[in-house]
Amino acid sequence: MQPGRSWVGDDSAAVADEAARQFVDAAREAIALRGRFVVALAGGSTPKALYERLARPPLCEGVEWRRVEVLFGDERSVPPNHPDSNYGMARRALLDQVPLDAKKIHRIEGEHADADHRYAQVMHRVFSDGAPVFDLILLGMGPDGHTASLFPHTAALRERHLWVVKSRVDKLHTDRFTLTVPVLNAARAVIIVACGAEKAPALRAIAAHPDEGEVHPVLLVQPHPGTLTWLLDRAAAGQ
Ligand code: 6PG
């Protein structure tokens, strides 16, 4: 596995609890130091459980939500009310439940073919002082080792200039929109959550072949000088 810290919890509930606690700590630190917390949310089931925890007391009371700027790491080619929308999931689980400033919630407009260009403009406005440096990027990992919408053997993995791209994912017969590797690696902190036995083979493979980022794109996530934290449950970590 690439350099970083890893933490193993008993089950997916423990991972969601730990991720939610780390989110609150990162938010407090960023707001204390820089007056705002800029976070990119992930799609998927483990992130959903962590959003639900963040939305409830006591954790929801630990964040100054009006100072939080919410973006997304990736999105499917669907409108926001579609059941597959990452934004829609995050809205129901978290964004509608806490006192965020609606102007500071920036979704990827997956219903538009040029959502990648539109989102780059949004990012230019959010990071008005230059290249994007997120305070925290939350990521999941698919059983094939994809993260955000960086899928194995796709051109998106090799993008080094653009901040966000549209990526054809042949095996899903669809386009996805995703932040690129340089943006992920410029973050102050990245947390990857992975739970369940179906993630164990990919985790074993990435530990054994840490140079195979084309095969397991999650290996390309190597923030510098930021930090990388893996939060796993026992089933994913292989007991
Ligand atoms: C998406 C993602 C993706 C996800 C992983 C893990 O839109 O699907 O952002 O990278 O985080 O596939 O998803 P699960 O937690 O559901 O396994």
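Just follow the structure's listing: the first ligand is 1, and inside any ligand the first atom is 1. Note: hydrogens, waters and symmetry copies are ignored here, and every other heavy atom, side chains too, is used.
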**Q** Between the candidates Ser12, Ala42, Gly43, which shows the shortest non-hydrogen contact distance to atom 11 (O) of ligand 1?
**A**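 Nearest option to atom 11 (O) of ligand 1, by heavy atoms: Gly43.
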**Q** Which of the atoms of ligand 1 are close to Asn86, meaning less than 4.0 Å from one of its heavy atoms?
**A**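 Here the atoms of ligand 1 in question are 1 (C), 7 (O), 9 (O).
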**Q** Tell me the nearest of Met89, Arg76, Glu198 to atom 1 (C) of ligand 1, using heavy-atom distances.
**A**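 It is Arg76 whose heavy atom sits nearest to atom 1 (C) of ligand 1.
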**Q** At a 4.0 Å threshold, what atoms of ligand 1 neighbour a non-hydrogen atom of Gly44?
**A**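 Answer, ordered by atom number: 13 (O), 14 (P), 15 (O), 16 (O).
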**Q** Step through it carefully: locate the ring centre of Phe23, locate the ring centre of Tyr51, and say whether they are under 6.0 Å apart.
**A**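 Not under 6.0 Å, so no.
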**Q** Does Lys48 have a heavy atom less than 4.0 Å from any atom of ligand 1?
**A**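 No, Lys48 has no heavy atoms under 4.0 Å from ligand 1.
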**Q** What is the closest protein heavy atom to atom 12 (O) of ligand 1, and at what distance does it sit?
**A**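 Ranked first by proximity to atom 12 (O) of ligand 1 is His146 NE2, 2.9 Å.
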**Q** Strictly under 6.0 Å, is that where the ring centroids of Phe72 and Phe177 end up?
**A**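 Between Phe177 and Phe72, which both carry aromatic rings, the centre distance is not below 6.0 Å.
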**Q** Give the atoms of ligand 1, by number and element, whose distance to some non-hydrogen atom of Met141 is under 4.0 Å.
**A**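 That gives atoms 5 (C), 6 (C) of ligand 1.
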**Q** May I ask which of Pro217, Gly140, Ala148 has a heavy atom nearer to atom 10 (O) of ligand 1 than the others do?
**A**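 Checking each option, the heavy atom nearest atom 10 (O) of ligand 1 is found in Ala148.
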**Q** Answer side chain, backbone, both or neither: which part of Thr46 comes under 4.0 Å from ligand 1, heavy atoms only.
**A**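 Both backbone and side chain.
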**Q** Can you list the ligand 1 atoms lying under 4.0 Å from a non-hydrogen atom of Arg176?
**A**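 By the 4.0 Å cutoff, the relevant atoms are 1 (C), 7 (O), 8 (O).
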**Q** Quick test of your reading of the model: are Asp10 and Arg234 salt-bridged, counting only N-O distances below 4.0 Å?
**A**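 Salt bridge between Asp10 and Arg234, a charged N being under 4.0 Å from a carboxylate O: yes.
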**Q** So, for Gly62 and Val24, which heavy atoms are closest and what is the spacing to 0.1 Å?
**A**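 Heavy atoms of Gly62 and Val24 come nearest at O-CG1, 3.7 Å.
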**Q** Judged by non-hydrogen atoms, does Lys199 sit under 4.0 Å from ligand 1?
**A**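 Judged by the 4.0 Å heavy-atom criterion, Lys199 does count as contacting ligand 1.
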**Q** Determine, using the 4.5 Å side-chain heavy-atom cutoff (strictly less than), whether Phe127 and Val68 are members of one ILVMFWY cluster.
**A**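 Result: yes, single cluster for both.
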**Q** Using only atom types and a distance under 3.5 Å, with no angle test, would you say the side chain of Asp233 pairs donor to acceptor with the backbone of Gly9?
**A**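 No; zero donor-acceptor contacts below 3.5 Å.
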**Q** For Ala26 and Leu136, which heavy atoms make the closest approach, and how far apart are they?
**A**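 Minimum heavy-atom separation between Ala26 and Leu136: CB-CD2, 4.4 Å.
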**Q** Using the ring of each side chain (for Trp, its six-membered ring), is His146 parallel, tilted or perpendicular to Phe151, with breaks at 30° and 60°?
**A**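 Rings of His146 and Phe151: parallel, as their planes differ by under 30°.
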**Q** Please work out whether any backbone atom (N, CA, C, O) or any side-chain heavy atom from C-beta onward of Pro143 is under 4.0 Å from ligand 1, and answer side chain, backbone, both or neither.
**A**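 Neither; no heavy atom under 4.0 Å.
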**Q** Name the residue from Ser77, Ser149, Ser167 that meets the side-chain hydrogen bond (donor to acceptor under 3.5 Å, both in side chains) definition with Arg176.
**A**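 Exactly one candidate clears the test, Ser149.
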**Q** Which residue owns the protein heavy atom closest to atom 9 (O) of ligand 1, what's the atom, and how far is it?
**A**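 In this structure, atom 9 (O) of ligand 1 has Asp74 OD1, 2.7 Å as its nearest protein heavy atom.
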**Q** Please determine if Ser45 has a nitrogen or oxygen closer than 3.5 Å to a nitrogen or oxygen of ligand 1.
**A**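 Yes, since at least one N or O of Ser45 sits under 3.5 Å from an N or O of ligand 1.
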